Amino acid sequence: MSYIVPFQSVDLFENTFKRQINKTTGEVENRKFVFDKLFGEGPDKLPIEPDRYRLIWMPGCPHSNKAVITLRLLGLDRIISIGECGVLRDPRGWVFSEDIGEVDPVLKIHYLDDAYLKGDPEFTGRSTVPAIVDVTTGAVAQNDPVNIPKYFVRDWKKYHKENAPDLYPEELQKEIDEWSDFINKEVNAYGCGFARNQETFDKAFDSYFEALDTLEKRLSDRRFVNGDHITLSDIHLYVALIRFHINYHLVFGVNKKRLQDYPNLWGYTRDIYQTESFYEYTKLEWIKKHYQLSPHMRAKLGNVYGLVGTGPDNRELLTPTGREKLSEDPDNKFVYETSKNPLFFHNNVYGEKEYLEYALLTPIRKAGEATFQTDLERWAHQEEDAFKQIDKRLSSSRYLLGDKLSEADEILYKTLLRHDHIYYYQNKLNFAKSFDYPNIRRYVDDLKNIDSIANSIDIVSEKEQAFKELDESRNPYGLIFRGPEI
């Protein structure tokens with residue numbers, strides 16, 4: 001759908017949020033989220049099953065941003081797929097405008113509202129994101145915006161990836177809950193952005209900056225909200241601060257200070273932005289367009305010509321922060337989960353071959369079969385997770401199973417070469433080459449000197465054959481890529 005639509009009167013804003021406007025005070029209030037059944041076992045719970053659900057998010061929305069970041073951090077994107085709405089609603093609601101034909105490739109719907117109506121045929125509210133849809137029925141199953149990240153952490157634990165970050169440590173849960181609640185209630189620029197009279201605006205303005213002052217002080221002597229490591233509290237705060245930086249200061253009028261004028265909050269935001277999962281799911285330009293070009297917000301804020309602000313300079317988000325000095329564990333932004341019964345023990349060749357099939361070979365194959373963007377990204381992330389985990393293990397081990405060469409090493413060696421020469425290009429798995437990981441590079445160089453391993457694959461011939469086998473639509477001129485240098 002077009003991002004520049006004819007300007008409409010403020011009636012559009014009133015109509016969009018009419019069910020949330022308090023008739024006595026005139027304030028726009030939070031809504032009750034009707035699909036609030038919890039995950040678990042039993043007839044009154046949502047079953048926890050792989051490949052049953054699809055998380056629908058929209059890049060501009062802070063709540064759905066929390067959900068997708070948490071899903072990715074925990075590796076749950078392997079078993080819960082991701083769908084993405086465009087950043088502008090039309091009069092009926094969220095549209096899958098970035099997908100081919102403006103139809104979600106899994107749910108086969110144009111409007112997210114259709115999934116809401118399947119969940120409740122009497123639903124007359126405003127469909128919202130995030131929404132977790134049961135793909136077996138096409139119906140929304142859960143849409144609690146604040147607590148979905150906690151559900152992913154708490155209820156889906158048995159499906160977390162190997163060495164997933166512990167975002168909700170038991171000893172910090174009370175503190176995390178208290179700060180998350182404070183952040184969601186007080187670091188809320190919508191009080192100003194949705195204000196419909198001066199009194200409401202002024203009250204929200206003062207409250208907002210009092211909350212930022214509180215957090216600026218707290219982050220003066222700790223790297224993250226709850227100490228040395230990122231927790232759920234930080235996910236809640238980060239999505240609010242990055243939007244303050246990109247949009248709220250400009251368009252919501254919370255302009256007492258900019259984010260850059262808070263040394264600790266500014267460094268903190270950059271520190272998190274530069275972190276895996278946060279960076280890849282913070283779509284800065286989409287965030288900007290969502291707030292500044294949404295038809296109802298254009299009407300509310302008088303953006304008659306659909307103009308977008310010229311700043312800020314997003315390159316500043318990538319500058320060093322120095323905040324690691326505040327931590328007793330400066331090399332790690334996360335503390336990692338431990339389990340007495342991990343999915344893989346890595347103590348014999350059979351288990352290691354199963355691990356490689358699960359963590360590496362299956363994602364590569366599924367990426368090669370992907371026909372839409374979010375599916376490709378889903379499996380590329382899984383392969384990237386495996387590369388990082390293998391590189392970490394090889395930092396203290398010569399081979400996969402210690403000092404003893406095994407059949408698993410031959411499988412991995414061949415897969416790494418195929419990634420660099422074939423999958424990187426044909427499957428669009430170009431997040432990195434295997435030799436970008438220092439311990440994997442040492443490992444491959446070592447194996448190249450072992451004749452039985454080095455002679456087990458002719459990668460040049462395999463690459464040529466792989467390109468020749470592509471049909472005419474995928475390789476119309478029959479070209480064979482030359483690199484990389486061996």
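These numbers come from a predicted model, not from an experiment.
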Going by atom types alone, do Arg393 and His346 pair a side-chain donor with an acceptor below 3.5 Å? yes

Tyr279 OH: over 12 foreign heavy atoms closer than 6.0 Å: no

Among all residues two or more places apart in sequence or in another chain, which pass the side-chain hydrogen bond (donor to acceptor under 3.5 Å, both in side chains) test with Gln142? none

The side-chain hydrogen bond (donor to acceptor under 3.5 Å, both in side chains) partners of Glu280 (sequence neighbours excluded) come to Arg72

Take atom CD of Glu49 as the centre, draw a 6.0 Å sphere, and report whether it contains more than 12 heavy atoms from other residues, nucleotides or ligands. yes

Report the relative orientation of the aromatic rings in Tyr281 and Trp57; use parallel for angles under 30°, tilted for 30 to 60°, perpendicular for over 60°. perpendicular

Counting the benzene-type ring for Trp, do Phe344 and Tyr358 have ring centres under 6.0 Å apart? yes

Contact summary for Asn247 and Ile287, nearest pair of heavy atoms: ND2-O, 2.7 Å

For a quick check under 3.5 Å, do Asp329 and Ser327 share a side-chain donor-acceptor pair by atom type? no

For residues Ile230 and Arg223, determine if any side-chain heavy atom of one lies less than 4.5 Å from a side-chain heavy atom of the other. no

Grab the two heavy atoms, one from Tyr413 and one from Ile457, that are nearest each other, plus how far apart they are. CE2-CG2, 3.9 Å

Does the separation of the ring centres of His421 and Phe481 fall below 6.0 angstrom? no

Kindly assign one of parallel, tilted or perpendicular to the pair Trp156 and Tyr159, based on the angle between their ring planes and the thresholds 30° and 60°. tilted

Under a plain distance cut-off of 3.5 Å, with no hydrogens placed, do Asp177 and Tyr168 share a side-chain donor-acceptor pair? yes

Looking at His229 and Asp234, what are the two nearest heavy atoms and their distance? O-OD2, 3.8 Å

Anything under 30° is parallel, anything over 60° is perpendicular, the rest tilted; go ahead and classify His245 against Trp266. tilted

Ignoring hydrogens and geometry beyond distance, is a side-chain donor-acceptor pair present between Ser406 and Glu352 at under 3.5 Å? no

Salt bridge Glu162-Lys388, side-chain N to carboxylate O under 4.0 Å: no

Proximity of Tyr273 and Phe278 rings by center, below 6.0 Å: no

Side-chain donor-acceptor contact under 3.5 Å, Asn439 with Ser395: no

Test of understanding: with side-chain contact (heavy atoms from CB on, under 4.5 Å), list the residues that count as partners of Ala189, not counting sequence neighbours. Tyr208, Tyr248, Phe252, Val254

What do you reckon, is CD1 of Ile100 surrounded by more than 12 foreign heavy atoms closer than 6.0 Å? no

Can Arg92 be said to sit on top of Tyr111's aromatic six-ring, NZ or CZ under 6.0 Å from centre and within 45° of the ring axis? yes

Tell me whether the NZ or CZ atom of Lys157 lies within the 45° cone about the ring axis of Phe39 and under 6.0 Å from its centre. no

Give, for atom CG of Asp261 and atom CD of Glu216, the distance between the pair rounded to the nearest 0.5 Å. 10.0 Å

How long is the span from the CD1 atom in Ile79 to the CD atom in Gln382, to the nearest 0.5 Å? 9.5 Å

With a 4.5 Å cut-off on side-chain heavy atoms, are Arg365 and Thr362 touching? yes

One thing to verify: whether Asp385 and Arg78 come together as a salt bridge, which I'm taking to mean a side-chain N less than 4.0 angstrom from a carboxylate O. no

Please name the residue in the list Ile235, Val335, Leu172 that meets the side chain to side chain contact (heavy atoms under 4.5 Å, CB included) test with Leu167. Ile235

Any donor-acceptor pair under 3.5 Å linking the side-chain atoms of Tyr116 with those of Thr128? yes

Answer with yes or no whether the side chains of Tyr268 and Thr321 bring together a donor and an acceptor at under 3.5 Å. no

Does Leu73 reach the side chain of Lys161, with side-chain heavy atoms less than 4.5 Å apart? no

